[in-house]
Engineer: 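To start, I am sharing the structure in question, which I have written as structure tokens.
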There are 2 protein chains.
Amino acid sequence: MPVTLKDIAKRAGVTSATVSMVINNKPNISEETRKRVMKIAKELNYYPNVIARGLATRRSNAIGVIVPNLASSFVVRVLQGIKSTNRDLDYTVLLFDTVGQRESESQLFQRLSRERRIDGVILISSTVTDDELNIFRDESVPSMVVARKCTTLDCVYVNNEQGARDAADYLIGKGHSVIACVGSAKLGLPMEERLAGYRASLAAHGVPFRQELMITVDDDGMADGVAVFEKIRALQPAPTAVFVPAGDMVAIGIIKEAKKQERRVPQDLAIVGYDDLPAAEVIEPSLTTVRQPKLEMGDYAINMIVDKIEGRESGLKQKELPTKFIIRESA
Amino acid sequence: MPVTLKDIAKRAGVTSATVSMVINNKPNISEETRKRVMKIAKELNYYPNVIARGLATRRSNAIGVIVPNLASSFVVRVLQGIKSTNRDLDYTVLLFDTVGQRESESQLFQRLSRERRIDGVILISSTVTDDELNIFRDESVPSMVVARKCTTLDCVYVNNEQGARDAADYLIGKGHSVIACVGSAKLGLPMEERLAGYRASLAAHGVPFRQELMITVDDDGMADGVAVFEKIRALQPAPTAVFVPAGDMVAIGIIKEAKKQERRVPQDLAIVGYDDLPAAEVIEPSLTTVRQPKLEMGDYAINMIVDKIEGRESGLKQKELPTKFIIRESA
DNA sequence: AAGCGCTATTTAACGAGTTAAATAAATAAT
DNA sequence: ATTATTTATTTAACTCGTTAAATAGCGCTT
């Protein structure tokens, strides 16, 4: 049986209320009592029962993190950012993934907030809909969306338009004018923004936009890239470069298949990815790509949500972070 | 204010005790009352407060997962295995990482069990010491170690000796007899087992063991591999193959540097890794390696711990899983 | 009508804390 | 010396469920 406030109170000859006040550093406690209680607490190796405390205070000191899928390097890196910052913040992270779940994000969230009385939620998702987000807002638990701009909820995201623009600008600067573009059907708003950035860059440089150069894959894995290479090869006019806002793994798939078919990268086909996942440095040629500040997004999210929980911040926070164009060998 | 048992009780004209019994499917409730209460509970969208319930039952329905570092693909994959199985088990996962923490694993665990009243703990760590593990055992909270064999606590691990043997057998079978071996200083017991397997294989085939072919890196990243290549190049006699029990990322680093220095892999230098991380398929040539069943380890761990918590299993469980030798291009 | 056995429901204590209000003791002000 | 104020501590209610024990209601015996 773990030590409770009562045990300490008994030994110290005071009430458990007094002990509680000492433990929580409340005022109006004599120095003498405080010392005595603290000493006993230490002796007995006391840890407050967070469950009981949570019941009384209606605070759980826990933050739910809802991720779509732990198989994604992007998600894991954001999570890493959250965790490494959270170290000093002392909230417990409850981890949930929604892959293959019958519940929607918002249902899960609702259940969490009622069942677990979580103090806040971070949702890592680029595809969540506005309707879903409204449910988050209505639950009156601080929540943040990572990876997607939205108007009704706090969020941290990157300037995808600019990120894509940087990529296209670079390729055009290298003399390319037939640039295929591989988007993903499962990335929602950020994908639209990237495609807009791609088009804006073309327009700014007077390069004609060609619908036939736009390819869409259903997912964002390496296999998708391998499969899509055939489509690229069949394109007329033949592209000399491919921008892959669908993400680095797709880009890597394309590189793999291109090499297998003896097309030199970047000489025959330049390739630019998106995300800057760890694998971008592994592939040969290493992948030129648009880096998303994943750790920073996680860092911002956890800091902001804790600030909200603790009342240091209020109002709608929309944080846009810049991407960074990383030049390597593939373009 | 979320709905409570009392709210339902009032509307149903019964006591909250009755409602509690209905919600928990206890016997001796009239069908009529049960129906009425359930209907109201549904109408009010009631979710039991797990915190309050936990206080009463001394069960939190939460499992702590302690990981050394989310930057490791190995760890993330095990975590993924835990999560995807846990879906049907309905325990909440509290995630903790110990990287850069002042607390040891066992201290963290002790705190968790007292503060959060977690029902069980999964520790993913190959390096935890026996002394540490004894503290786990003493806390009387079901706990499991993933990735390391141990005698005092439940665990799930792989047959590292056999895994390494498979690798060395394969290389010897390919005609190699000067096989360098790159170990890691931070992998503890499993590393010793792997090295033992390597030696056993040499011995079994009458290939002389040479201490000078043994290299140790401090960590397990790609950079370590790049750095270690110089050492390999300097070895006398010059190895024709390298076995890298330190892990795939180190092996990948070696491949990268080998290629840069225009040594062909596998013709000039065959390379075999350990783990089978996602990156093993990205590198060119793709990496021949010893696969650890990461998802399966996670799956076993969560299932076993839940079985222990719910009393379906007891006694010390030591689960050894087989590795699988994956032949790709690098050897 | 009294007694018995069931079932359905309520009562009340408990889990381990927090906190507003009450009280006691000590100190300061008049 | 008496009252007012301050400081330290306790009382008691509260968080939201669970659960053992008590009780009420009802049909059956005898």
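Not measured: the values here are computed from a predicted model. Sequence lines set the chain letters: A, B, ... in the order given, protein chains first and strands last, and positions in each chain run from 1. Below, each value reflects all heavy atoms present in this structure, side chains not excepted, and no hydrogens, waters or symmetry copies.
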Engineer: When you measure from every atom of DNA chain D, which of residues 31-45 of chain B have a heavy atom less than 4.0 Å away?
Structural biologist: none
Engineer: Using whole Å, report how far CD1 of A/I29 lies from P of C/dT19.
Structural biologist: 13 Å
Engineer: Please give, in whole Å, the distance from D/dT9 P to A/K10 NZ?
Structural biologist: 20 Å
Engineer: Taking C-beta and beyond as the side chain, do A/F96 and A/Q101 meet within less than 4.5 Å on heavy atoms?
Structural biologist: no
Engineer: Just checking B/T15: base, sugar-phosphate only, or nothing, at a heavy-atom cut-off of under 4.0 Å?
Structural biologist: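 Base: the residue B/T15, judged by heavy atoms under 4.0 Å, touches a nucleobase.
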Engineer: Between the side chains of A/R137 and A/D130, is the shortest nitrogen-to-carboxylate-oxygen separation below 4.0 Å, so that they form an ion pair?
Structural biologist: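 The answer is no: the pair does not qualify as a salt bridge.
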Engineer: Counting the atoms with a prime plus P, OP1 and OP2 as sugar-phosphate, which does B/V50 contact under 4.0 Å by heavy atoms, base, sugar-phosphate, or nothing?
Structural biologist: nothing
Engineer: Grab the CZ-P distance between A/R59 and C/dG17 for me, whole Å please.
Structural biologist: 17 Å
Engineer: Donor-acceptor check, side chain of B/D307 to backbone of B/E313, threshold 3.5 angstrom: yes or no?
Structural biologist: no
Engineer: Can you find a heavy atom in the side chain of A/L123 that is under 4.5 Å from one in the side chain of A/M144?
Structural biologist: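 Not in contact.
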Engineer: Walk me through it: do B/D154 and B/K317 pass the test salt bridge (charged side-chain N to carboxylate O under 4.0 Å, His left out)?
Structural biologist: CA-CA 5 Å; B/D154 295 346; B/K317 302 285 166 181; over 6 Å; no
Engineer: Would you say that A/Q110 contacts A/D138 through its side chain, given a criterion of any heavy-atom pair below 4.5 Å between the two side chains?
Structural biologist: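 They are not in side-chain contact.
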Engineer: Could you encode protein contacts along nucleotides 14-26 of chain D as a string, one character per nucleotide from 5' to 3', using B for base contact, S for sugar-phosphate-only contact and - for no contact, with a heavy-atom cut-off of under 4.0 Å?
Structural biologist: -BBBBB-------
Engineer: Kindly compute the distance separating CD (A/E115) from OH (B/Y47), expressed to the nearest 0.5 Å.
Structural biologist: 7.5 Å
Engineer: Could you give all pairs that pass the side-chain hydrogen bond (donor to acceptor under 3.5 Å, both in side chains) test and reach residues 2-16 of chain B, with sequence neighbours left out?
Structural biologist: B/T4-B/D7
